[in-house]
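For reference, the structure I am asking about is given below.
Just so we're on the same page: letters track the sequence lines, and every chain starts at 1.
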Amino acid sequence: MDLNYTPEELAFADEVRQWVRANLPPETRDRVLHHKRLGKEEQVAWQRRLHERGWGGPRWPKEYGGTGWNSVQCHLFDEVLSEEGAPQPLAFGLSMIGPVLMAFGSQRQKDYYLPRILRQDDWWCQGFSEPGSGSDLASLRMKAELEGDHWVLNGQKTWTTQGQHANMIFLLARTDPAAKKQQGISMLLADMSTPGVTVRPIITLDGEHEVNEVFFDNVRVPKENIVGAPGMGWTHAKFLLGHERTNIARIGRSKAELKRLKRIATEEKVDGVPLSQTAGFREKIAAVEIELMALELTNLRMIAAERAGQAPGAEANMLKIKGSEIQQTLTELMMEAVGPYALPFNPEAREPGWKGEPIGPEYAAPLTPDYFNYRKVTIYGGSNEIQRNILAKAVLGL
Amino acid sequence: MDLNYTPEELAFADEVRQWVRANLPPETRDRVLHHKRLGKEEQVAWQRRLHERGWGGPRWPKEYGGTGWNSVQCHLFDEVLSEEGAPQPLAFGLSMIGPVLMAFGSQRQKDYYLPRILRQDDWWCQGFSEPGSGSDLASLRMKAELEGDHWVLNGQKTWTTQGQHANMIFLLARTDPAAKKQQGISMLLADMSTPGVTVRPIITLDGEHEVNEVFFDNVRVPKENIVGAPGMGWTHAKFLLGHERTNIARIGRSKAELKRLKRIATEEKVDGVPLSQTAGFREKIAAVEIELMALELTNLRMIAAERAGQAPGAEANMLKIKGSEIQQTLTELMMEAVGPYALPFNPEAREPGWKGEPIGPEYAAPLTPDYFNYRKVTIYGGSNEIQRNILAKAVLGL
Amino acid sequence: MDFSLTDTQRMLRDTAVRLIRERYGFESRAKILASAEGFSRELWATFAEMGLLGVELPEQHGGIGGTFQDLAIVLEAFGRGMVVEPFLPTVVLGAGLIRAAGSEAQKSSVLPRVAEGALFLAFAHGEPRSRYSLTHVATTARRDAEGYTLNGAKAVVLGGDCADLLLVSARTAGKADDRDGLSLFLVERGAPGLRIRGYPNVDGTRAAEVALEGVRVPHSALLGGEGGAFPFIQQAIDRGIAALCAEAVGNMQALNELTLDYLKTRIQFGVPIGSFQVLQHHMVDMFIAHEQARSMAILAADRADSADAQARTKAISAAKVQIGRSGRFIGQQAIQLHGGIGTTLEYSAGHYFKRLTTIDRTFGDADFHLTRFATVDAA
Amino acid sequence: MDFSLTDTQRMLRDTAVRLIRERYGFESRAKILASAEGFSRELWATFAEMGLLGVELPEQHGGIGGTFQDLAIVLEAFGRGMVVEPFLPTVVLGAGLIRAAGSEAQKSSVLPRVAEGALFLAFAHGEPRSRYSLTHVATTARRDAEGYTLNGAKAVVLGGDCADLLLVSARTAGKADDRDGLSLFLVERGAPGLRIRGYPNVDGTRAAEVALEGVRVPHSALLGGEGGAFPFIQQAIDRGIAALCAEAVGNMQALNELTLDYLKTRIQFGVPIGSFQVLQHHMVDMFIAHEQARSMAILAADRADSADAQARTKAISAAKVQIGRSGRFIGQQAIQLHGGIGTTLEYSAGHYFKRLTTIDRTFGDADFHLTRFATVDAA
């Protein structure tokens, strides 16, 4: 047993770090680290730059243009990118529909879509949830009826993250209304510019536009845009959510946020003493830091088990539960850190080009909105209650 | 609205306090406040002294020899007694079977048993739980069959608190095996000296003998020892448990324990500074003190509602939940307070007459055993999970 | 001991509750929030007409001479409705301070105008570096023959953006963090050198950053004696906290009702989600958290005007801790139990949560008051 | 990075696990606890035969030259069985200290006897007023021509009641709380002036209060250089903590398995209680708490022998915090889920809980180490 990275692994991390420092635009880095809004173009530009370097698909096999890295390399890559303030990769293409297409897509779909994901020619979004189907995803009601060479879609999706930017959506629809709940569901790929698709913004508690409702009114999608066979959508979705869950812990990002918290707590003063040196707050930081250390090691243990040939089991649900709780604690402590300056609402300060006078310390503006925003992380991707149900059943046999 | 006690109420509390100070033997007071073992005789003696003063049944109506006090007076009485280190009254007679007999007993039972409870001529214990029926009390299996003038009891009871001291037991048994679960249960009164009754001690984690198993092997109980009609046992038990739940919060006692915790935390030193002045521990004490303040006020609000004619509802379950959690927190903090001296196990130090040399500070010996012992308070009298089930159903309508 | 409401209190409660129900629905509130000023002068006039602004003011100054407990009843109803009008800064803090520390002339000139809804006040005390400390005042007031010159900056002044009259704390002696040497001044909006930068808070209430650069006030602008303002400041903030407690309790009750209703009606897996035991127990804990908070809010209201500063601050801090913890728990759980819909602006649960979050951060958070509670006896 | 076990480690694990399964069942353990000494010399001899006492000792001293991680594997198995024999005081603390600080002569005389099971050691460091401080040593050692005279008192000395040889810390210079001026001495049981009062701990392990009244030792009894013992003491305690972490993880796993089994077999309301969602979620949280603790125990074992004291103590403190919190949660929940049976001495769950409770209170509780973790960088 050896908890240290090998020299090769350290050299790899260092290579990534040097490259990111040389290639990540400083304005982008600054915006990421200070939680300002990122433009669509700058996200695309960053993905393309990574792709040019050959790192566009860190978790993808080489045959599809990926890096072919092992899981430790992937972990280090995520970690360095988070640490250096790189934009988070867009999960919908790279981590969701990409792997699904590799596993279940037709040759044509692979040939066409996978390179476009790496180059981010397509901006994907996800059409799973519906207003009536939250945790109970299988109760979805969206219909897809085959008429000649097209599926005709009718229904509504919701919580569609970044749907306003997307030109493509992968979605679940009921293609066989007679079949039982999980059966009769298929996964389809649709162009967002097809007539009949309407996107309506949902504004969240932090005042931001991140998620959307997407309405489908007789939307005609080419017949070949189904993934795999009709009725296999539920299988594909479970495969996809399994992939999502490992990334959802966002340990690298939380480590970067912990640093940010410590910086803020050093700037803030209580009767002249840095907040980071007052007993109560110091120990709150310590507590979340220890939780995060433990989670990182747990994650590394799982990565090691995976490399040793053990398939990632439902234990990954644990990463989601703990990872999301830690993310929430961090946003909460940052809000706490600024005291009364947690109150002012100044969304302009998050604009890329804003040059106004901040209200209170410059770092304060995003903190309370982030706290509000991060309530979602224990809800989305399968709420933490659902994760516990899964663990109880799959791991504990209850 | 006025949160202050009236001058009459304060005068009443003062009268009780003066009397207790004059009449409670100092050795008894000392043993109670330092969590040493109490002898049976000294508990009986204290109840008799209270009874001589007319205060043997503070919650009992005057017609049965009680005080006829209102609920504020009862509350103040409990509080002063706890504060002054008086032994806790024995609930099984006074708060359990007593009220049941008043409500459902025959005239003969009332005439005979109630005065004996006040004088503590009888030491009662409770025979409800069985090995197979914990939270699911109604699944009990003990049988009582009528043979001539006697009920013949066969079966086993468990968790019988102070069964080793008791000469009487009230118990639930199945008198109609054909009836459905809750029906067919009756409440019977049995003399512990009847042939066929065997008491076996259960030693709890703290090493103490407080609870017992009681075996019934063809035990013959006079026919008239049934409470009310056959099959009404479940109704009586629910009535009784409702009474138990309000006292189970033990707010007065927790207030006295909070004082003890503060004393201990003042004695204990961390690098020469009293533990009570270190930031971390000071705030842990403050947190539980505030919880307790809130619970006391909540209790007083419920008492006021009761006096205003609103029957105590399932809200009382809340007092049980919070009250038990607070009791556990207090034992945990006391254990924490003594640091390494939480380890030594020195049960002799709890003996009334022990004059040995203590291991570490004199107050240390009972603290960790108490912590172990108090795990029971969230389990007995309906576990806190069961209490939440009841609240969800009865108060929230879920 | 008596927890029952007086007839006046029952009347006040019914009036305020009806007003909120009829005039302050979620849609109406959204319109108010979207308006230019971010609150409704029309509703303010209605509050005045109904006597809600003068509940606690003496009759000779246009009020009805009630107690803080009477005020708390109005605040609880306002909490249910998430009222954003500047009631706390104007009525609880501003008018309260003038009543406590003002001269007869000051009272007569200000209080009747507050009662009739013609004047907004704000208490400009906190500063950019003071955090939750009540004594950290770096703003100075220099006295000369004609009056005082004020210099300094005030932070997150609640209601500061619409205030006609600011009650500004400043140092006439001593150094930052001294209790002695603090004084209070009435400063009119529009005074030369006074800069007010108004903004919305995250919960929709309004505040302002206030800069004072050589602001001149006459001697008559001094509120109370020179240098002795600390006890008044402390009591004003304690009253503010007691008011927040009452408001929070109304908020929590409404949010619990909303969440319970959602549990009963939201169907997943073919059943109401309230049939899942885990969610039931969470809801039970929210119910308990609200009852505990309610008890402490009652205590805070009972003690808000007590002259025994040490016992008062101890009770008030205890209440603020309980309110902070209960509010955080109820708010977070309510969003979690609602799932996605709870995270959106178009649904009310999130607004309750935002207000509860803001309340915890106002006048000292739960941890700040836990420390104050634990150390007040030693101070 | 590599989490896999070496062949030696696999062998050690299998040996220790089999030993516990076959010789340390709950009944056997109960008999051991009830015996006069409170532990089994016979089993100790078996440990020696199987090489478990010399895992970490150099081969020239009768050991097998393993690492701390090898030792941790044995400790985890011992945690599953709640082994009460004085392994921690003798092997981890005592032998570890002698190996780290002892002269060649001391090592040669003591270590082989430890490996063969012929000698019990105890580290007598903590004092009645030291709480968890490592520097608060009031015991003194006065040097003269023939040796040293020791005076003082040692508290809750683990394994102190059966120790043949005590490793006593004492001050040769400086004042209580100084890091410098601490020295270590080997004191034989039976030395005149040495008073040992043995007793059981609440979890069935044994300890002693030790009084030293003019105890004379020769110069050769000094362990390491005079006055420079602090780094050795600190590392010994850090190793002790890492050992507790490994043991605790074995304990938690066993207790979780026991509780899960109970949830599956205990019938209430006609169904296994494990079908209730609330209990399922509690069990899931216990599962997570154990996994998190396991990760940190691995870290602690990896760092236990690191020479970088600051990084080591930080990792060790982090692990102790996690072990303390996970252990408390799992222990309390296990009892709660078991209900009544969990509160009795005749069932094993309560014993696991008691041991976990004791572990949290040994060498500094979770709060103590949270502070140490938070402040070690500044120290």
Side-chain angles (χ1 to χ4, degrees), chain B residues 129 131-139 158-159 181 202-208 210-211 268-272 275 278-281 284 328 332 335-347 357 359-361 367-369 371-376 378-380 383-386 388-389, chain D residues 126-133 135-136 155-156 158 176-177 197 199-205 207-209 266-270 273 276 278-279 282 328 331-332 335-347 349-351 353-354 357-358 360-368 370-371:
Chain B
S129 293
S133 70
S135 291
D136 183 12
L137 185 55
S139 69
T158 192
W159 313 124
K181 219 173 169 189
I202 298 175
I203 305 301
T204 44
L205 289 183
D206 52 352
E208 299 290 311
E210 194 175 75
V211 287
E268 291 291 318
K269 304 281 191 295
V270 179
D271 299 330
L275 183 62
T278 63
F281 205 81
K284 282 186 175 186
Q328 289 186 335
E332 189 161 351
M335 171 180 70
E336 271 187 53
V338 291
Y341 279 116
L343 265 61
F345 183 55
N346 188 16
E357 194 194 337
I359 303 171
L367 301 180
T368 308
Y371 169 70
F372 294 143
N373 183 284
Y374 270 67
R375 303 320 301 169
K376 73 185 177 195
T378 49
I379 295 171
Y380 68 20
S383 75
N384 283 18
E385 288 78 15
I386 293 286
R388 286 187 170 89
N389 285 350
Chain D
E127 304 194 350
R129 307 210 139 269
S130 68
R131 201 174 174 87
Y132 300 129
S133 160
T135 51
H136 188 98
V156 198
L158 298 180
D177 297 325
R197 178 187 179 191
Y199 49 79
N201 288 321
V202 288
D203 61 343
T205 60
E209 300 296 288
R266 167 76 171 171
I267 307 288
Q268 292 275 273
F269 305 104
I273 59 173
F276 293 108
V278 161
L279 307 194
H282 288 328
R328 190 178 88 139
Q332 293 182 351
I335 302 305
Q336 184 71 20
L337 291 178
H338 274 91
I341 188 75
T343 67
T344 70
L345 264 195
E346 63 199 40
Y347 185 74
H351 294 260
F353 168 55
K354 294 213 282 186
T357 303
T358 308
D360 187 25
R361 320 244 76 79
T362 305
F363 306 145
D365 60 18
D367 279 6
F368 173 86
L370 188 65
T371 304

* **For chain D, the option from B/K269, B/E268, B/M335, B/K376 that forms the most heavy-atom pairs under 4.5 Å** => B/M335

* Asked: Quick one: what part of D/L370 sits under 4.5 Å from any heavy atom of chain B, side chain, backbone, both or neither?
  -> neither

* Asked: What part of D/A207 lies closer than 4.5 angstrom to a heavy atom of chain B: side chain, backbone, both or neither?
  -> neither

* **Check: D/R131 and B/P340 side chains under 4.5 Å, non-hydrogen atoms** => yes

* Evaluate the criterion side-chain contact (heavy atoms from CB on, under 4.5 Å) for residue pair D/Q332 and B/Y371; output intermediate values, then yes/no. => CA-CA 11 Å; D/Q332 293 182 351; B/Y371 169 70; 2.7 Å; yes

* Most contacts with chain D, counted as non-hydrogen pairs under 4.5 angstrom, among B/A138, B/P369, B/G132, B/P361 -> B/G132

* Asked: Where on B/E357 is there a heavy atom nearer than 4.5 Å to chain D: the side chain, the backbone, both, or neither?
  -> both

* Structure fact -> In terms of heavy-atom pairs under 4.5 Å with chain D, the winner among B/N384, B/T204, B/D206, B/V211 is B/T204

* **Atom pair CD1 (D/I273) and OG (B/S135), whose distance is rounded to the nearest 0.5 Å** => 8.0 Å

* **Beyond-backbone contact of B/I202 with D/T343, side-chain heavy atoms, under 4.5 angstrom** => no

* So, do D/V278 and B/R388 sit near enough that their side-chain heavy atoms are less than 4.5 Å apart? -> no

* To do: With a 4.5 angstrom heavy-atom cut-off, could you sort out which part of B/F281 is near chain D: side chain, backbone, both or neither?
  => neither

* Asked: About how many Å separate CD of D/Q268 and CG of B/L137, when rounded to the nearest 0.5 Å?
  -> 9.5 Å

* Closest-packed option against chain B by number of heavy-atom pairs under 4.5 Å, given D/T362, D/T135, D/T357 -> D/T357

* Per-residue contact mode, B/A337 against chain D (heavy atom under 4.5 angstrom) -> backbone

* Structure fact -> With chain D, the option among B/G339, B/G360, B/G272 that has the most non-hydrogen atom pairs under 4.5 Å is B/G339

* Asked: So, B/T378 and D/Q336: side-chain donor and acceptor under 3.5 Å apart, yes or no?
  -> yes

* **Smallest separation among heavy atoms of D/L345 and B/G207, with atom names** => CD1-CA, 4.5 Å

* Identify which of D/R197, D/E346, D/E209 forms the greatest number of heavy-atom pairs closer than 4.5 Å to chain B. => D/R197

* Should B/V338 and D/R361 count as side-chain neighbours, where that means a heavy-atom distance under 4.5 Å? -> no

* Could you state the interatomic distance from CD1 (D/I335) to CD1 (B/I379), rounded to the nearest 0.5 Å? -> 7.0 Å

* **chain B contact via D/L158 - side chain, backbone, both or neither, heavy atoms under 4.5 Å** => side chain

* Structure fact -> One should read off an interatomic distance between D/D360 CG and B/E332 CD, to the nearest 0.5 angstrom, of 8.5 Å

* **Residue among D/F269, D/F276, D/Y199 with most heavy-atom pairs under 4.5 Å to chain B** => D/F269

* Asked: Which residue out of B/P347, B/S139, B/S133 racks up the most heavy-atom pairs below 4.5 Å with chain D?
  -> B/S133

* Find out whether B/E336 and D/F368 are in side-chain contact, i.e. whether some heavy atom of one side chain is under 4.5 Å from a heavy atom of the other. => no

* How are the rings of D/F353 and B/F372 set relative to one another: parallel (under 30°), tilted (30 to 60°) or perpendicular (over 60°)? -> perpendicular

* Does D/T344 reach the side chain of B/W159, with side-chain heavy atoms less than 4.5 Å apart? -> yes

* Structure fact -> Interface check, chain B: of D/G364, D/G340, D/S133, most non-hydrogen pairs under 4.5 Å belong to D/G340

* **Closest heavy-atom pair and its distance - B/L205, D/G342** => CD1-O, 3.7 Å

* Asked: Should the heavy atoms of other residues, nucleotides or ligands under 6.0 Å from CZ of D/R129 be counted, would the total exceed 12?
  -> no

* Asked: Is it the backbone or the side chain of B/P131 that comes under 4.5 Å from a heavy atom of chain D, or both, or neither?
  -> backbone

